[in-house]
A.B. asks: 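Could you have a look at this structure, given as structure tokens, before my questions?
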Number of protein chains: 2
Amino acid sequence: MNSAANALLTTDEPAETGAQQIRDAIRDAIVERRLSPGTKLSESDVGNLFNVSRTLARAALQALSYEGLVSVEKNRGAFVAYPSPDEAKQIFAARRLIEPGILREAAARITTSEIQHLRQLLLEESRLISERGQTARRAEIKASGDFHLTLAAISGNAIMQRFMEELVARSSLVIALYGQSTISSCGHNEHGDIVSAIEAKDLDHACHLMLHHIAHIEADLDLRERKGQGLKEAFDL
Amino acid sequence: MNSAANALLTTDEPAETGAQQIRDAIRDAIVERRLSPGTKLSESDVGNLFNVSRTLARAALQALSYEGLVSVEKNRGAFVAYPSPDEAKQIFAARRLIEPGILREAAARITTSEIQHLRQLLLEESRLISERGQTARRAEIKASGDFHLTLAAISGNAIMQRFMEELVARSSLVIALYGQSTISSCGHNEHGDIVSAIEAKDLDHACHLMLHHIAHIEADLDLRERKGQGLKEAFDL
DNA sequence: GCGCAAGTAATCGTATACAATTTGACCGCC
DNA sequence: GGCGGTCAAATTGTATACGATTACTTGCGC
């Protein structure tokens, strides 16, 4: 749940308009890899699944297409996005470009209670890593992303926060497609090191660690054209 | 027209699906300040205006709300976004954070023909500045933004390009609301200086100029709560 | 005259219905 | 047997219709 992260400073409007709930549900499913890239998301099917009309299903899918999580092809349907290696590179290039800036901004505004909150997240994350089971894996994936999102939230810039939400979500897709090792966050807890550097007010070091962290994630990818880059829909299930 | 900018490397799908055409039309109107912040955009009115059903009008407005150009209020309607001073600060903070990175990326990949293209844009821009008339003013606003967008396009990162499109569009709204001097781009052609710095391969200087350029735009704003921040809809036309 | 309340008009939220396009299959023809 | 065309099924694109919520107005009571 990123509700923990959002609880910090997002202005939540409890009355969500149906379509948004569906959008969030599908997004969670994609980010947690319950939906594989390339999966067809028919408007009718989505509507039936959530017991709403095609109108709402369509709206939700359109919304997800704006975030780059699903690609809608004219008169053909919506599919869970299947990022190309080039797109993957762009996603991580964008993160390398953005995250140091967010980190600096966040470090300048961070309070002791927020640091505690971050440490809490890290604890939860490491607990999930040690745990077994698919649900734990999914929770871990989400927790790993929540660290970066929380940092963005602390930075106080809602726009950058939204950009990061998109980038983190799409990163999850890329890792699902091209990741090699079982899990994204490698052995050492690089997140913890970053927090420590922030706490020590060593921003340059923190940024350095962040860049390395992103590089490590990217290094775990095998970014080669999958067999059937163009005919990916062949087995879209 | 940013078609000139897009012509560089965006993959355009000529068959746009109705709603997108409307979205683009409204976005252009907002960016060119033919629509004032706070203006009500009723779904029915938009639909009638473009001779389409409310369905498409609604889709277009939803899309624009994702870009932050219109704000839809539940059961009340859609309005041209009325960015608060705080939002305005966040928009420019985001630009300061992002644009240097884009600049570096673009400078690393730029070709001589692209430099020529940029110079062409600058020429067109300065021509518009010297010209009189409202249409020239609107074209100038667009041209000023197109410089930044073209730079993003040259960077080769479609994601960052999209982020910049949103930021530039929203900047236009902010300037419309809080701008003091007649036009955003101040006296000296800072854009030209940036291109020169790029051409000279002096990236640090180019970034420096870019940051100053953004600062200059921001310095021209009077970011104080407008009278009636809350009752802005009182005279929404 | 002012404040409050109920009714009414307008607008959005959602569902359903119809039209257009694509896909896959079947059948005849070469 | 392979190839091309035509037809049917499925899916999306768009429009219309109905229900719900909000804002406005009108009228009554004070």
Side-chain angles (χ1 to χ4, degrees), chain A residues 12-26 35 38-67 69-82 228 230-237, chain B residues 12-26 35 38-82 228-237:
Chain A
D12 41 1
E13 302 158 355
E16 284 192 336
T17 174
Q20 289 177 310
Q21 289 180 259
I22 298 171
R23 164 174 65 79
D24 293 343
I26 297 178
L35 282 170
T39 304
K40 170 148 190 175
L41 299 173
S42 158
E43 295 178 358
S44 313
D45 292 351
V46 173
N48 291 339
L49 189 58
F50 290 93
N51 286 102
V52 295
S53 76
R54 253 187 62 215
T55 305
L56 293 189
R58 182 183 179 83
L61 292 173
Q62 285 290 125
L64 288 169
S65 93
Y66 292 124
E67 307 179 23
L69 289 183
V70 318
S71 71
V72 299
E73 303 180 20
K74 188 175 162 68
N75 279 315
R76 285 202 12 94
F79 305 84
V80 178
Y82 196 103
L231 34 96
K232 57 179 185 288
E233 294 88 344
F235 29 64
D236 56 10
L237 180 60
Chain B
D12 43 359
E13 303 155 356
E16 284 191 338
T17 173
Q20 289 176 310
Q21 289 181 257
I22 298 171
R23 163 173 66 79
D24 293 343
I26 298 179
L35 282 170
T39 303
K40 172 150 190 173
L41 299 173
S42 160
E43 295 179 356
S44 313
D45 293 350
V46 173
N48 291 340
L49 189 58
F50 290 92
N51 285 102
V52 295
S53 77
R54 253 186 62 217
T55 305
L56 292 190
R58 181 183 179 84
L61 292 173
Q62 285 290 127
L64 288 169
S65 92
Y66 290 124
E67 307 179 24
L69 289 183
V70 318
S71 70
V72 299
E73 302 180 21
K74 190 176 161 66
N75 279 317
R76 283 200 16 90
F79 304 84
V80 178
Y82 196 103
Q229 149 76 354
L231 34 94
K232 57 178 185 291
E233 293 90 344
F235 30 66
D236 56 8
L237 177 61

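So you know, we letter chains A, B, ... as the sequences are listed, proteins then strands, and number each from 1. Values reported hereafter were calculated over all heavy atoms of this structure, with side chains retained and with hydrogens, waters and symmetry mates removed.
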A.B. asks: For residues 63-70 of chain B, which side-chain N or O atoms pair as donor and acceptor with protein atoms under 3.5 Å away, sequence neighbours left out?
C.D. replies:
{"unit_1": "B:S65", "atom_1": "OG", "unit_2": "B:Q62", "atom_2": "O", "d": "2.9"}
{"unit_1": "B:E67", "atom_1": "OE1", "unit_2": "B:R27", "atom_2": "NH1", "d": "2.5"}
{"unit_1": "B:E67", "atom_1": "OE2", "unit_2": "B:R27", "atom_2": "NH1", "d": "2.8"}

A.B. asks: Which heavy-atom pair separates B:L61 from B:V72 by the least distance, and what is that distance?
C.D. replies: O-CG1, 4.4 Å
A.B. asks: Using 0.5 Å steps for rounding, measure from the OG1 atom of B:T39 to the CD1 atom of B:I26.
C.D. replies: 11.5 Å
A.B. asks: Contacts to DNA chain D from residues 59-66 of chain A, heavy-atom cutoff under 4.0 Å, which residues?
C.D. replies: none
A.B. asks: Just how far, in rounded Å, is P of D:dG13 from CZ of B:F50?
C.D. replies: 20 Å
A.B. asks: Report all side-chain donor-acceptor pairs from residues 52-59 of chain B shorter than 3.5 Å, counting only partners two or more places apart or in another chain.
C.D. replies:
{"unit_1": "B:S53", "atom_1": "OG", "unit_2": "B:T55", "atom_2": "N", "d": "3.2"}
{"unit_1": "B:R54", "atom_1": "NE", "unit_2": "B:E43", "atom_2": "OE1", "d": "3.0"}
{"unit_1": "B:R54", "atom_1": "NH2", "unit_2": "B:E43", "atom_2": "OE1", "d": "3.2"}
{"unit_1": "B:R58", "atom_1": "NH1", "unit_2": "B:E43", "atom_2": "OE2", "d": "2.7"}

A.B. asks: Could you name each residue pair satisfying ring pair (Phe, Tyr, Trp, His ring centres under 6.0 Å) that touches residues 43-65 of chain A, not counting sequence neighbours?
C.D. replies: none
A.B. asks: Quick test: give all pairs of protein nitrogen or oxygen and nucleotides 8-12 of chain D nitrogen or oxygen below 3.5 Å, distance rounded to 0.1 Å.
C.D. replies:
{"unit_1": "D:dT12", "atom_1": "OP1", "unit_2": "A:E43", "atom_2": "N", "d": "3.4"}
{"unit_1": "D:dT12", "atom_1": "OP2", "unit_2": "A:E43", "atom_2": "N", "d": "3.4"}
{"unit_1": "D:dT12", "atom_1": "O3'", "unit_2": "A:N75", "atom_2": "N", "d": "3.4"}

A.B. asks: Contact class for A:V52 (heavy atom, under 4.0 Å): base, sugar-phosphate, or nothing?
C.D. replies: sugar-phosphate
A.B. asks: For B:K40 versus B:F79, what's the shortest heavy-atom pair and its separation?
C.D. replies: CA-CD2, 3.7 Å
